[in-house]
*Asks:* 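Sharing a structure below in structure tokens format, with a few things to ask.
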Amino acid sequence: MTVPGAQTYSTTRTIEELSPQKELVLNRTLLPEQGCDWKSLKIRMQELKAADWNWRTGQLPLHSYFAGSDVTRVAEESFALFLHENALAPQAFPSVARMESDVVSMALEIFGGGESAAGSITSGGTESITLALKAARDRARKEREQSDFNIVISSSTHPAFDKAAQLLGLGCVRVPVGADFAGDAIALEGAIDDQTILIVASAPSLPYGIVDNVEELGRLAIRKQVWLHVDACIGGLMAPFARQLGYNVPKFDFAVPGVRSISADLHKFGYSAKGASLILYASHEDHSFQFSEFNDWPKGQYTTKTLAGSRSGGPIASAWAVMHHLGRAGYLDITRRVMRLRQQYLEGFSTLPDLTVIGRPQLSVIAVTSGADTIFSIAECMRERGWYMSLVADPPAIHQTINLVHEKIADRYLNDLVDSVTEMKAGSFNGSNSLAPTTVVTY
Ligand SMILES: *Cc1c(COP(=O)(O)O)cnc(C)c1O
């Protein structure tokens, strides 16, 4: 393994060998013959880390969510406290089961769940979504005399749905978003057929940051007798507080008729350590269809509520501690600051006539395009100025998930953006435009 600057200490024995195809020289890391002390390992790991983008400086537009160093500390220390406990075994570790049920219960209140509502903590949005689809599929299997099912989603819906549909043997049909870049009820309705079991509303979508018209999609779901899942993975723990503060964010939770399940990531705007998300259901009956039970093996009954078997208590403890540390007042205060910061970005973008914000994003996920075919060159100019840059392929755009880590660098970002646009227009930019979406993952 080669890492820039990794000179101080080598912890790995490597072997160079030819691949079976005799074309490629493989450089494999082998288990060291002798162990190595932690101090040296730590140095080596810090060297490895030096190759990463440092999320703490604000140059990353996504992937990490900051809510103050006190929150980071709570998230880390609580995680470490329950790192070795196993949420697979609630009898052995009732503490972890208790914290999971507390977090689910707090979230159900935030999302307007009634008495019958229930849910689980999962490892992340992808697992939450997979479980919602499993529950919908298994319920449909039980209630319908049919074996082939599909889901219908919008072009802006997260690929975790396609991944889950593949795993679960479901068809997945994508339809275009409307002119406002939100999920289009008419297009979704047009694709619903007698195999359709579920449709999705995003709150908001990851590429555009736009909250779909959940009430309209709820009416569609009821009329077509399909399950409406609300994917609030990114916005779930910000939207309720933004609504409470009076921001114009559409209703998206269990108060909306037709909503059967909601996914919301604790490890995004919930500010917990990574590895924590929520899958919530309006009805505990729907929830029970996500479980897995098996007993035909020597060790008796094996029941798991989520996909994982063994799972660390760390992420659950982290979510529990952060939610209790912040309380409603804390989330409201952070949301107020993030929404103010979002306004600063929107105003910054609006001073640049060459740039256009895509649609009307209601929260702090924003995509910006440029009239001409220049946005990826602008992104490249920004990359040269030290910004990581997240991209959207269609329409070509730069993408920013604004959180408090960006508070201290928003001015610099916007100034650099002005300079980058100017450089582009003056024709003085002669970069390679290597940030074209065909050559770079949009993450
Ligand atoms: C992040 C995200 C997901 C997937 O969540 P992971 O935690 O990355 O698995 C799904 N939907 C939306 C809208 C997201 O932003």
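Every number for a ligand or one of its atoms is a count from 1 in the order of the listing. Just the heavy atoms: all of them, side chains too, but no hydrogens, waters or symmetry mates, feed the values below.
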*Asks:* Pairs of nitrogen or oxygen atoms closer than 3.5 Å, one from Thr126 and one from ligand 1: do any exist?
*Replies:*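 It does: an N or O of Thr126 is found under 3.5 Å from an N or O of ligand 1.
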
*Asks:* May I ask you to list the atoms of ligand 1 that are less than 4.0 angstrom from any heavy atom of Ile234?
*Replies:*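 Within the 4.0 Å cut-off of Ile234, ligand 1 contributes 15 (O).
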
*Asks:* Determine, for Arg260 against Glu285, whether the closest basic-nitrogen to carboxylate-oxygen distance falls under 4.0 angstrom.
*Replies:*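 Salt bridge between Arg260 and Glu285, a charged N being under 4.0 Å from a carboxylate O: no.
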
*Asks:* Under the ring-ring contact (aromatic ring centres under 6.0 Å, His included) definition, can you give me all pairs with a residue in residues 91-144, not counting sequence neighbours?
*Replies:*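 The answer is Phe111-Phe252.
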
*Asks:* Under a 4.0 Å N-O cut-off, is there an ion pair linking Asp286 with Arg139?
*Replies:*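 Arg139 and Asp286: salt-bridged.
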
*Asks:* Does ligand 1 have any atom that is closer than 4.0 Å to a heavy atom of Thr157?
*Replies:*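 Thr157: no contact with ligand 1 (<4.0 Å).
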
*Asks:* For ligand 1, note which part of Asp231 has a heavy atom under 4.0 Å away: side chain, backbone, both or neither.
*Replies:*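 The answer is the side chain of Asp231.
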
*Asks:* For the residue pair Arg141 / Gln146, report whether a side-chain donor-acceptor contact shorter than 3.5 Å exists.
*Replies:*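 Their side chains do not contain a donor-acceptor pair, so the 3.5 Å distance test is not met.
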
*Asks:* With a 4.0 Å heavy-atom cut-off (strictly under), which part of His267 contacts ligand 1: side chain, backbone, both or neither?
*Replies:* side chain

*Asks:* By number and element, which atoms of ligand 1 are closer than 4.0 Å to a non-hydrogen atom of Leu206?
*Replies:* 15 (O)

*Asks:* Below 4.0 angstrom from a heavy atom of Asp265, which ligand 1 atoms are there? Numbered from 1 as shown, please.
*Replies:*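 By the 4.0 Å cutoff, the relevant atoms are 1 (C), 5 (O), 6 (P), 7 (O).
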
*Asks:* Students often mix this up, so state it plainly: with edges at 30° and 60°, are the rings of Phe269 and Tyr65 parallel, tilted or perpendicular?
*Replies:*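 Plane angle over 60°, so perpendicular.
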
*Asks:* Mark up the atoms of ligand 1 that fall under 4.0 Å of a heavy atom belonging to Ile129, in ascending order.
*Replies:*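 By the 4.0 Å cutoff, the relevant atoms are 10 (C).
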
*Asks:* Under 6.0 Å from the six-membered ring centre of Tyr388 and within 45° of its axis: does the NZ or CZ of Arg383 meet both?
*Replies:*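 Relative to the ring axis of Tyr388, which defines the angle, Arg383 lies inside both limits.
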
*Asks:* Under 4.0 Å between a side-chain nitrogen and a carboxylate oxygen: does that hold for Arg98 and Asp102?
*Replies:*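 Judged by the 4.0 Å cut-off on N to carboxylate O distance, Arg98 and Asp102 do form a salt bridge.
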
*Asks:* Would one find an N or O of Gly125, backbone or side chain, under 3.5 Å from an N or O of ligand 1?
*Replies:*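 Min N/O separation from ligand 1 is below 3.5 Å for Gly125.
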
*Asks:* Below 3.5 angstrom, do we get any N/O pair linking Lys268 and ligand 1?
*Replies:*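 So ligand 1 has an N or O lying under 3.5 Å from an N or O of Lys268.
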
